[in-house]
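One structure is given here, and the rest of the page talks about it.
Here, residue 1 is the first one in the sequence, and each next residue gets the next number.
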Amino acid sequence: MIVTTRHLFTCPGFSRRAGFCRDGARRQSVALGLDWRDFVANGIAADKLLATGNGFAIALVAWAEKCEAQEHTQHG
């Protein structure tokens, strides 16, 4: 599964507003050795995020999976 910025900017539970802020997410991506520009342009494989072991990345993948499941239920 590909995690996108749509998932990033709608992920609930980390502040009063849904989603991670762009600057914080960019800094976190760089700290994890991920290519921020490529992520924004193309998304990133969930497995690559999970392999970091980082809580930010794990929460983002969990949210993306939930979004995909909801979309599948609505369209299938």
When hydrophobic residues are tied together by side-chain contacts of less than 4.5 Å, even through go-betweens, does Leu50 share a cluster with Leu8? yes

Taking all non-hydrogen atoms of both residues, which atom of Ala18 and which atom of Thr10 are closest, and how far apart? CB-O, 3.7 Å

Closest approach of His7 to Ile2 (non-hydrogen atoms, all atoms of both residues): CE1-O, 3.7 Å

A side-chain contact here means heavy atoms from C-beta on lying under 4.5 Å apart; do Leu49 and Leu32 qualify? no

Considering all heavy atoms, the nearest Phe9-Phe20 contact: CD2-O, 3.3 Å

Tell me, with the steps shown, if Arg26 and Asp23 meet side-chain contact (heavy atoms from CB on, under 4.5 Å). CA-CA 5 Å; Arg26 182 183 49 76; Asp23 289 340; 4.1 Å; yes

Check whether any side-chain heavy atom of Val3 sits under 4.5 Å from a side-chain heavy atom of Val61, and report yes or no. yes

Decide side-chain contact (heavy atoms from CB on, under 4.5 Å) for Thr5 and Arg22; before the verdict, give the C-alpha distance in whole Å, the side-chain angles of both, and the deciding distance to 0.1 Å. CA-CA 9 Å; Thr5 55; Arg22 180 176 294 274; 5.6 Å; no

Report yes or no: do Ile58 and Met1 belong to one cluster of Ile/Leu/Val/Met/Phe/Trp/Tyr joined by side chain heavy-atom distances under 4.5 Å? yes

Tightest non-hydrogen contact, residues Trp36 and Ser29, listed as CE3-OG, 3.5 Å

Kindly give the heavy-atom pair with the smallest separation between Ala59 and Cys11, and that separation in Å. O-SG, 4.1 Å

